[in-house]
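Remember, predicted model here, so these are calculated numbers, not experimental data.
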Amino acid sequence: MDPLAGTAVEYETLPWDISPVAAYVRAAQRQQGNYQAAVSAKIADLTVNLPSDVLADAEDASREVTRFDAELGGEIAPFSSVLLRTESAASSNIENLTASARAIAEAELPGANTTANAKFIVANTAAMIAAINLAGSIDADAILAMHKALMGDVDASSAGTWRGEQVWIGGGTHGPRGAMFVPPHHSRVVAAIDDLLLFAQRDNIPVLPQISLAHAQFETIHPFTDGNGRTGRALIQAMLRHKGLTRNVTVPVSAGLLTDTDSYFAALTAYRDGDPAPIVRRVSEAAVAAVFNGRELVSELHAVRTEWNDKITARRDSAVWQIADLLLRRPVVNTALLTEELGIESKHARRYLEPLSGAGIIIETSSGPRSRVWRSPEVIAALDAFADRARRGGLG
């Protein structure tokens, strides 16, 4: 047997019965009958034999990730926060959940009114934070906590619980017949996740290939009714931290995947067909692209902050400087955020905001009735440029 075929799914035939409510819907009637559901491969003891060039590229990518993480080790704030948010936005973008940097920043404000997409992206940031915080132990509870952080405000009934129903990818809304891919029956989810976790906990596999294959297996199992892609990419971040490739910052791997989502999804399909090389290659490419893009973002933010030093005339012990630092990671602020983050009372906020406004560093606008916010156009432009580079693949 081809040693790479150990990831190939098998299929089982299962019956699909339409509900009485849908019995008179023509599209639902066509779903009546048997369908083929995947049975994910057991990979706990998988022998990982990859082409030498794939392993070499993965090793090069690992070194780039570690080097980038070390570069920012001495100045974690605010860049750890910025990079985590860019990863969250890019991961959401892969699922066609898009919003501008300004909309996302406004959605994070205390008491903010926001768009649905921005709300989803902010929730994904919470899932990423949970992933990093739980990286010390890659287990079922950690994955469930990531999903709960992601979906808690969207679907509280299913957030943080394994699915109890059949799901499918593509096709119609009434049943799995004709779908592009039908993940395993829900009765198989817990055992499949347990097998995946045994694989993830091994220490005899090169790290980036291991993370890539664990991610592909997670997406194959599709253990939740919704949010699988974003949770699976949060798992990448948790494993990068758990395995020691990152210690300080979130490397925005999803931004690298976003450069070519077609090849990313094709690589997941190849994995299910028994060839894990494409997903390892794609994640390695994504990691290198993410580092390149991340370095450019950090460089731009450094330049912005340096220019501000020449524009700000406040005393060095003034809270004006604290707000300037805050703007790098939270480019839209309101008085509630200043109180929450810096302890500045609302009645004193304008005293410290006006010097920044007068210097052209921030612009005051309204986000709703009696709700004033201040934003940094330069920081927002840098974040939007990062996202644009990821979407169009202009990373090198």
> Can you find a heavy atom in the side chain of His147 that is under 4.5 Å from one in the side chain of Trp162?
Replying inline: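 Sidechains of Trp162 and His147: no contact.
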>> Go through it in stages, so that I can follow the logic: the residues are Glu10 and Arg188, the test is salt bridge (Lys or Arg N to Asp or Glu O under 4.0 Å), and I'd like the CA-CA distance, side-chain angles, deciding distance and then a yes or no.
In response: CA-CA 13 Å; Glu10 297 180 351; Arg188 294 183 177 274; over 6 Å; no
>> Other residues, nucleotides and ligands only: do more than 12 of their heavy atoms fall within 6.0 Å of CG on Asp153?
In response: no
>> If we count only N and O atoms by modelled type, under 3.5 Å, do the side chains of Asn124 and Ser92 hold a donor and an acceptor together?
In response: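 Yes.
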>> With side-chain contact (heavy atoms from CB on, under 4.5 Å) as the criterion, how do Arg330 and Arg85 come out once you've worked through the C-alpha distance, each side chain's angles and the decisive distance to 0.1 Å?
In response: CA-CA 10 Å; Arg330 300 292 295 272; Arg85 285 173 168 81; 3.5 Å; yes
>> Just to verify, which of Val333, Val332, Leu327 counts as forming a side chain to side chain contact (heavy atoms under 4.5 Å, CB included) with Ile362?
In response: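 For Ile362, the side chain to side chain contact (heavy atoms under 4.5 Å, CB included) test succeeds with only one of Val333, Val332, Leu327, which is Leu327.
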>> What's the separation between atom CG in Asp325 and atom CH2 in Trp308, rounded to the nearest 0.5 Å?
In response: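 Asp325 atom CG to Trp308 atom CH2 measures 9.0 Å (nearest 0.5 Å).
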>> Tell me whether Lys42 at atom NZ has more than 12 heavy atoms from other residues, nucleotides or ligands lying less than 6.0 Å away.
In response: no
> Would you say the side chain of Glu296 lies within less than 4.5 Å of the side chain of Phe386, judging by non-hydrogen atoms?
Replying inline: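 Result no, sub-4.5 Å side-chain heavy-atom pair not found.
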>> Is any side-chain heavy atom of Leu383 closer than 4.5 Å to one of Pro331?
In response: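 Pro331 reaches Leu383 side chain to side chain.
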>> If you apply the rule side-chain hydrogen bond (donor to acceptor under 3.5 Å, both in side chains), what do you find for Glu345 with Thr339, and how did you get there?
In response: CA-CA 5 Å; Glu345 295 183 32; Thr339 301; over 6 Å; no
> What's the spacing between Ile380 CD1 and Glu106 CD if we round to 0.5 Å?
Replying inline: 7.5 Å
> Parallel, tilted or perpendicular for Tyr264 and His215, by the 30°/60° rule?
Replying inline: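 Tyr264 vs His215 ring planes: parallel.
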> More than 12 foreign heavy atoms under 6.0 Å from CG of Asn309: is that the case here?
Replying inline: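 Counting neighbours around CG of Asn309, more than 12 heavy atoms of other residues, nucleotides or ligands fall under 6.0 Å, so yes.
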